[in-house]
**Q** 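Mind looking over this structure? Questions follow.
Order of the sequence lines fixes the chain letters, A, B, ..., with proteins taken first and strands second; residue numbering starts at 1 for each chain.
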There are 2 protein chains.
Amino acid sequence: MSLLECRLERELLSTEEESAIAQVGKARELYQLSFSGRLGHDLPRHGNKEKINSGLKLSTSRHRFDRVDIGNQPVAPFEYLDFLETVVFPHTVNTFSTKFLGHMTAPLPEFITEVAGVISRMNQNQVKVETSNVLTLLERQVLGAVHHKIYRKQAGFYESYMQCPESCLGVVTGGGTLANITSLSYALNSAFRADGNFAGLTKEGLVSALNHYGFKDVVVIGSKRMHYSVDKAAKLLGLGERNVIRLETDSHGRVDLAQMRSNLEECRKGKIHVLALIGIAGATETGSVDPLEEIGALAAEFGVHFHADAAWGGAYTLSSNHRELVKGIEMADTVTICAHKQLYIPMGTSLCIFKSPGFASHSENNTAYQCKKGSYDLGRYTIEGSRPASILMLHALLNLWGDAGMGHVFDTTLSLTQNFTGKIKSSENFLLVQEPALNIVVYRYIPVTLREKVLTKEKLTYAEIELINEINKKIQSEQFINGNSFVSSTTLVNGEEEVVVFRAVFCNPLTRENDLDALLADQAKIARDIEIA
Amino acid sequence: MSLLECRLERELLSTEEESAIAQVGKARELYQLSFSGRLGHDLPRHGNKEKINSGLKLSTSRHRFDRVDIGNQPVAPFEYLDFLETVVFPHTVNTFSTKFLGHMTAPLPEFITEVAGVISRMNQNQVKVETSNVLTLLERQVLGAVHHKIYRKQAGFYESYMQCPESCLGVVTGGGTLANITSLSYALNSAFRADGNFAGLTKEGLVSALNHYGFKDVVVIGSKRMHYSVDKAAKLLGLGERNVIRLETDSHGRVDLAQMRSNLEECRKGKIHVLALIGIAGATETGSVDPLEEIGALAAEFGVHFHADAAWGGAYTLSSNHRELVKGIEMADTVTICAHKQLYIPMGTSLCIFKSPGFASHSENNTAYQCKKGSYDLGRYTIEGSRPASILMLHALLNLWGDAGMGHVFDTTLSLTQNFTGKIKSSENFLLVQEPALNIVVYRYIPVTLREKVLTKEKLTYAEIELINEINKKIQSEQFINGNSFVSSTTLVNGEEEVVVFRAVFCNPLTRENDLDALLADQAKIARDIEIA
C-alpha cells in the first residue's frame, strides 16, 4: 500500500486504528529512505579512476572521523551521499585497479556483484532451514561439488552423504581464519572424543582430555610459512602459540620433511599429541606449496590429522587443467579454501571441506529452537551461528565460469606471474627472492651502491643488510601513499637474517604487461629519489 | 577499453602481444557476464508475494540439488537466471513478510540494501589499512559511537582512545556467536596474562595458565537462558560445556541472583576461576532481560569479568527513549550487539564493545605483512582475518535513522508486542507463558479438551503434558509448510517439565494488527484440524 492509499484509507477508521496506521506510515517512510540509484555510480573506481589511493594519510584524515555523536540528529540521504562521495569513497583503496598487485583482492565479475545484491535483499540465514529453505540444500550441494573437485569420490558417496542431514562434507565460514580454526578445533574434538567414563573434550575440557588420553601436551606442526591464523587457533584452543611448531623450509619455501618426521617421532616418545600436520598450498607471503603427498604419507604413518591450508591455492582444484599445482591435496583430512581470494567473490566467504562425512560428528551443536538432531539445519555443524547465503555467489561462479572459465583466468594470472618474474630477473634494480610456485612473487630492490656486492654474493655487513631492508620498506610505503601502483611488503626470516621483500600478488586477470612495466618503473623512480635524498 | 577498441588495436601489434590481448579479452568477457538488471527484480518477495514459504518440503526438493558436477560445463546467464527463478527463489523464505514473526530477521530499509551493494562493489578488506584506508577510521568511529551510547564516557575519553591505534573500543565480527567467543577468549587471555616467568595463556596454553595462577578449573556463570554460543565458546576454549553453569530463573526469565552469589562463593573457595558472569539483555528464546545492575555489582564485588550478551537487546541503547530497557548494561566489561538483528542490516554483522580501551591488549595478533605493532590495522584486535566493510551499513543507519528513527521503530515493534500479548491473554485458544520484557512473546496452544484443567491449574498427567507439547510442535511445523504465517518454536525446561512453546518475534515495524489476527486465526485453524483428525 502506498502512503497515499494509506492516507485515504485513514478517513474511514477509528482514532486508535488511525494512530496505528500513522505509526506504520512513519516506519514505511524510514524504510523507503533511498539514494535513488545515485549511490556508488562512480564505483568500482572509487572516485579516483586511475589511482590506487588518494594519498591522504590516516593521521591527516583522523579528525574527519572523531565525532561520537553520529545519529543524534538524522541526516538526509542526499547529505549523507555527499559525505560518502567526498570524505569516504575517494579515500578507500582501489582494489580493482590493474596496478593493485599487493594483496589477495581482485576485481569482481559483474554477475557476482549482482548476486551479492540479491543475497542481501533476500536476507536468508543459513543457520537453519526455517530462514533459508532450499538454500540449505544448495549450500550442501556446493560443498559437495567442491569436495568432489578435491577428493573425486564415486557417485555413490555423494548420493549417500551430500544431502544427508547426518553427514557433513564441509562448512562455509566468514573467512580462512575461521576455516582453519574449525579444522583444528574439530580435529581436537574428534581426537579427544567421549570414551568410557570420559565424556569428551567438548563436555569436560582440555585438562580432563589430556589426563584421560595420557598426553602431556598438544602441538600443531607445519612450516614457518604457516598463516598466523594457526597461532590464533592455538591461542583460542588453549594450546598456546609455543605449541605451534614452525619448521624450516627449502629454497622453494617448502617444509623440511626430515624435520617434520623427527618432530613426529619426538612427540610420540614424549607423549605429546600431534593435533595436526599442516600442509600449505599457497603460502600467504610467498605462494609456496608444501609437498602435500609426502605430508599426507607422514600423517597416515603416524595416524595424525592432516590439514591443507589451501586458502589461496585451493581454488586451482576447480580447474581440471590446474589441479596439479596442488597435487596431494586429496590426501588432506580437511582443506581450507577462501572463495573471496581466487574465486572472485567479495569478502568474506571461505570453505572448510571435510574428507570424511563423519568428521564433524564430535563437534555438533544442538538447541531447542534450531539445529535439532535430525534436522537439515546447517548450524549443527558450524562454529558461527547466523550466516548469510553467500554460498550462492560461489554457486553462480561455478555455473557461469565453469571449469573452462576458471582455467582461463588461472592461465592468465599465472602467465602474468611468469612475465613479471622474467622482468625481475632481467632487471638491474631488483632481485628475485624465490622462484614462484604459483602467482605470488617476492622480490626486492637493491640500492645502486650494493649491487656489485650482492651480485657477487659477497658477505654483507649488518649495516648493509639494514640499508637494503630500510629502502625496501620506504619504497613500499611511499608507493602506497603516491597511489600510482601497489605491491605489499613482508619480512621473511632466513635463519638469523630478516629479509624485507616486496610481495606482488597476481590475481587480477585484467592486468596487462604495461601495468607490470609501469609498476616497476614507479618503484625504480621512488627508489632513485630516496637514494639521491 | 572496450572489446571493439581492443580488436582495433590488435591489428598494429606483434603476434605475442596479440595473444596476450586475446587472453585479456577473454578474461574481460568472463568479467562482463551479467544478468543485465534482471536478477531478483521480483525480490524481496521471492516470487511468492504473500506466502512465507512455497510449501515444498526439503525431502521433496533434495533431488534438485544432487549433482556434484556443477561447473563442468558453463551455463549462460539467462539459463542460470531461469534456474534461480524457478528452483531457488520461490523456495526461499520470505523473511520480509509482515506475517513472518518467527525469527530475528526483518525487512531491510531500502538504503541499507543500496549500501550493501556498494560494499561488495568496493570489496575493501578491513583487516588492514592497505585494503580499507579511511574505512578503518570509519569502523573505529562507529565502534566509538556505540561505545558512547552504552558507556557515556566524557569527550576526552573518545579523543584519547577512539582513533588511537594502540587502543580498541570493540571489534566487528561476523555474528553474535563470534562476538561472545571474542569476549570470553579475550577475558581469559587478560586474566591469564604474562606474569613473572609465565609467558601468558596465549603463549603457554591453558594447562600452564591454571598451574601458574593456581586454579583447578575455569567456569562461566549465567542463567539457563544463555545462548548456545556460550557452550560453543566453552568447547572452543578448552573449558568444556560442563563448565558453563546455567542457573535457574524467576518467572520473568531473569537469573537467580542468590544462586549466582553462592556459585561465586563456592568457586572462590574451590580455587575455580570464574571467567565471566553473563547477563542476558534479550534472551534468544524469550526476550528476558537479566538484572544487569545487580550482576554488575556482583561482578565488581568478586572481581569477575561481566559480559552482557545483548545480541538482541543491545540495539535499544541506540535510542535515548529506550535505553532504560537494558539499564545496567553500562556496568558490563564487554557487550555483544548484533547489527543484523534489531539494527536492520543483512546477515552477518555483530559488535563486541569493550568498556576498557586496553581490554584487547593481551589478545593482539601481529604478522610481518600486516597488523604490525603501531599500525592502524584492525586485524590486530580481531579473531577473524579478512572482513568486509559491513560497518558502513551501520554507519548509514545511525546517520539516516538516527536516535529518533530508531526510537520510532522500537516504539512500533514494542507496541505490536503489547498488542499481540493482549490478544493472547484474551484468547481462549492460547496461553501466555511469560510476560514479555521486550518484543519476543512465548505462548502456546491449549487443546480444547484440556482448557478447563489448565485454567483451574489442576495437575496434568504426563500424557496430558505430552499431548500439549505434541500439538504445539505439529501446529508450528504445519504452519511453516503451509506458509501463510510463521512463528518459531522452542522447548523451555522448567524444573523437570519440558514446555513446548511458540516464539513470536516482533522486529518488523511494517507488521500491522490484521497480520497478528491472521496469524492467530491461522494457528487456531491448523489446531482445530489436528484435533478433529
**Q** Could you look at B:Leu318 and say if it's the side chain, the backbone, both or neither that has a heavy atom under 4.5 Å from chain A?
**A** neither
**Q** Given the options B:Leu135, B:Leu206, B:Val134, B:Asp231, which has more heavy-atom pairs under 4.5 Å with chain A than any of the others?
**A** B:Val134
**Q** For the backbone of A:Met347 and the side chain of B:Asn123, can you confirm whether one donor and one acceptor N or O come within less than 3.5 Å of each other?
**A** yes
**Q** Run the side-chain contact (heavy atoms from CB on, under 4.5 Å) test against B:Arg503 and tell me which residues pass, sequence neighbours left out.
**A** A:Tyr369, B:His103, B:Met104, B:Thr284, B:Ile440, B:Val442, B:Ser488, B:Val505
**Q** Does B:Lys232 reach the main-chain N or O of A:Ile383 with its side chain, forming a donor-acceptor pair under 3.5 Å?
**A** yes
**Q** Looking at B:Ala396, is its backbone amide N or carbonyl O close enough to the side chain of A:Tyr80 to form a donor-acceptor pair, meaning the two atoms are under 3.5 Å apart?
**A** yes
**Q** Using non-hydrogen atoms and a 4.5 Å limit, figure out which bit of B:Arg387 sits close to chain A: side chain, backbone, both or neither.
**A** backbone
**Q** A side-chain contact here means heavy atoms from C-beta on lying under 4.5 Å apart; do B:Glu130 and A:Ser489 qualify?
**A** no
**Q** Where does B:Thr511 contact chain A at under 4.5 Å (heavy atoms): side chain, backbone, both or neither?
**A** backbone
**Q** I want to know whether A:His395 and B:Phe83 have ring centres closer than 6.0 Å.
**A** yes
**Q** Output all residues satisfying salt bridge (charged side-chain N to carboxylate O under 4.0 Å, His left out) with B:Asp69, sequence neighbours left out; order by chain, then residue number.
**A** B:Arg67
**Q** Verify, without hydrogens or angle tests, whether A:Arg62 (side chain) and B:Gln163 (backbone) share a donor-acceptor contact under 3.5 angstrom.
**A** yes
**Q** Do you know which two heavy atoms are closest between B:Ser34 and A:Glu110, and how far apart they sit?
**A** CB-CG, 3.8 Å
